[in-house]
Amino acid sequence: MTPTSAQEHTYSQVPAIAEMPGAVARPKRRARQVAPLTPAAEPTAEWYARARLRRYLNVVVALGLLLLLLPVMLVIAVLVKMTSPGPVLFTQTRVGLDRRTVRPVGNWRRRVDYGGRLFTIYKFRTMYVQKDWNRDQVWAQPDDPRVTPLGRILRGFRLDEVPQLFNVLKGDMNIVGPRPEQPKIFADLRQHLHAYGVRQRVLPGITGWAQINHHYDQSLEDVRTKLSYDLEYVARQSIWHDAGIMLRTVPVILLRRGAW
């Protein structure tokens with residue numbers, strides 16, 4: 001989930017999340033208990049040391065995966081170009097790390113509060129290019145007619161996310177972390193869900209504690225459930241937790257759990 005007019009997920013309007021077209025009513029789950037998070041303070045030397053170790057692990061894994069998957073990426077690029085008109089890559093603006101949570105507040109000079117630093121995310125294009133694209137926000141749905149046949153396969157095995165390894169090397173993301181959201185959707189979710197902005201205390205990730213424990217969002221309740229996992233991750237973050245999530249991601253991908 002290539003600069004192009006397709007705008008796979010870019011929208012000019014974002015209505016209230018609870019009123020989004022395609023939202024699915026789901027039974028309420030018992031609220032997950034998460035350790036409360038205290039307001040962000042100036043980090044300690046120990047915090048920086050742990051963050052560096054986690055960052056080293058994520059960069060090393062990203063480099064290894066790029067070398068391993070390079071032939072696969074080349075094949076996918078050719079197939080995307082051959083099977084539907086349009087660019088190979090899709091790019092989009094997402095909300096990243098909120099550096100105000102890891103620096104003294106007086107050092108930031110952001111004029112607009114997006115909730116974090118904006119960056120460009122990369123994906124293999126999985127949707128048809130259309131000039132007159134419906135820009136209203138909708139939930140991701142199974143059997144989405146906008147998705148190409150090849151795109152459905154790529155999404156099923158999360159292969160469309162592979163170019164985000166370059167985001168990891170650039171410092172925009174880690175392998176492990178909360179999924180980055182679009183600015184307008186982020187702003188709306190932050191109004192609906194308490195502590196939604198807390199997930200920006202860490203770099204966003206390709207996979208994460210929420211991603212391996214819950215499927216794609218179909219309702220506000222899904223977002224709330226995944227937020228509880230994200231907050232748990234922020235509270236527990238460690239190099240060993242990251243390594244465990246990476247290992248648990250493998251069967252999720254191979255068995256196509258929670259993907260469409």
field: side-chain contact (heavy atoms from CB on, under 4.5 Å) between Asp113 and Arg190, intermediate numbers included
entry: CA-CA 12 Å; Asp113 182 12; Arg190 186 168 52 177; 3.5 Å; yes
query: Do any N or O atoms from the side chain of Gln237 and from the backbone of Val234 form a donor-acceptor pair under 3.5 angstrom?
result: yes
N/O donor-acceptor pair under 3.5 Å between Arg94 side chain and Pro180 backbone: yes
- prompt: Is the shortest distance from a Lys or Arg side-chain nitrogen in Asp144 or Arg155 to a carboxylate oxygen in the other one below 4.0 Å?
  reply: no
field: Heavy-atom side-chain proximity of Val168 to Ile206 below 4.5 angstrom
entry: yes
- prompt: Mind checking whether Leu154 and Phe157 sit in one hydrophobic cluster, side chains of I, L, V, M, F, W, Y counted as touching below 4.5 Å?
  reply: yes
- prompt: Between the main-chain N or O of Arg55 and the side-chain N or O of Asn174, is there a donor-acceptor pair closer than 3.5 Å?
  reply: no
- prompt: Same cluster or not: are Trp240 and Leu53 linked, directly or through other Ile, Leu, Val, Met, Phe, Trp or Tyr residues, by side-chain heavy atoms under 4.5 angstrom apart?
  reply: yes
query: Side chains of Arg199 and Leu193: does their closest heavy-atom pair fall under 4.5 Å?
result: no
message: As an exercise, state the distance from CG of Leu159 to CD1 of Ile253, rounded to the nearest 0.5 Å.
response: 8.0 Å
message: Let me confirm one number: the OH-CG distance from Tyr196 to Leu227, rounded to the nearest 0.5 Å.
response: 7.5 Å
- request: Spell out, as yes or no, whether a donor-acceptor pair under 3.5 Å connects the side chain of Lys81 to the backbone of Gly86.
  value: yes
message: Please report the interatomic distance CZ(Arg201) to CG(Leu231), rounded to the nearest 0.5 Å.
response: 9.0 Å
- line: CZ of Phe166 to OG1 of Thr120, rounded to nearest 0.5 Å, is 15.0 Å
message: Within the structure provided, determine whether Ile121 and Gln92 are in side-chain contact (heavy-atom separation under 4.5 Å).
response: yes
message: If I take atom CZ from residue Arg248 and atom CH2 from residue Trp209, how far apart are they, to the nearest 0.5 angstrom?
response: 4.5 Å
- request: Check whether any side-chain heavy atom of Pro183 lies under 4.5 Å from a side-chain heavy atom of Thr93, and answer yes or no.
  value: yes
field: Exercise: do Thr207 and Arg158 side chains pair donor with acceptor under 3.5 Å
entry: no
Nearest heavy-atom neighbours spanning Gly151 and Val147: C-CG1, 3.6 Å
N-O pairing of Asp172 and Arg117 below 4.0 Å: yes
message: With side-chain contact (heavy atoms from CB on, under 4.5 Å) as the criterion, how do Val223 and Leu189 come out once you've worked through the C-alpha distance, each side chain's angles and the decisive distance to 0.1 Å?
response: CA-CA 9 Å; Val223 179; Leu189 287 172; 3.9 Å; yes
- prompt: Where is the tightest heavy-atom contact between Gly197 and Phe186, given as atom of each residue plus distance?
  reply: CA-CZ, 4.0 Å
task: Could you check whether the rings of His241 and Tyr233 sit parallel, tilted or perpendicular, using 30° and 60° as the cut-offs?
output: tilted
message: If the threshold is 4.0 Å, N to carboxylate O, is there a salt bridge linking Glu161 and Arg179?
response: yes
Hey, can you pull the donor-acceptor pairs under 3.5 Å for the side chains in residues 57-72, sequence neighbours left out?
from: Asn58; atom 1: OD1; to: Ile175; atom 2: N; distance (Å): 2.7
from: Asn58; atom 1: OD1; to: Val176; atom 2: N; distance (Å): 3.1
from: Asn58; atom 1: ND2; to: Arg54; atom 2: O; distance (Å): 2.6
from: Asn58; atom 1: ND2; to: Asp242; atom 2: OD2; distance (Å): 3.4

- request: Kindly say whether Ser84 contributes a backbone atom to a donor-acceptor pair with the side chain of Arg125 at under 3.5 angstrom?
  value: yes
- prompt: Is there side-chain contact between Val80 and Thr126, with heavy atoms separated by less than 4.5 Å?
  reply: no
message: If we ignore hydrogens and angles and just use 3.5 Å, is the side chain of Gln211 paired with the main-chain N or O of Gly177 as donor and acceptor?
response: yes
- request: Answer yes or no: is there a side-chain heavy-atom contact under 4.5 Å between Pro204 and Asn167?
  value: no
- prompt: Shortest non-hydrogen contact from Tyr122 to Lys170?
  reply: OH-NZ, 3.1 Å
query: With hydrophobic residues grouped by side-chain heavy-atom distances under 4.5 Å, do Leu165 and Leu169 end up in a single group?
result: yes
- prompt: Can Leu74 be reached from Leu79 by stepping across I, L, V, M, F, W or Y side chains whose heavy atoms are under 4.5 Å apart?
  reply: no
message: Can you tell me how far apart CZ (Phe119) and OG1 (Thr91) are? Round to the nearest 0.5 Å.
response: 11.5 Å
- prompt: For the residue pair Val202 and Pro178, what are the closest heavy atoms and their distance?
  reply: CG2-CD, 3.5 Å
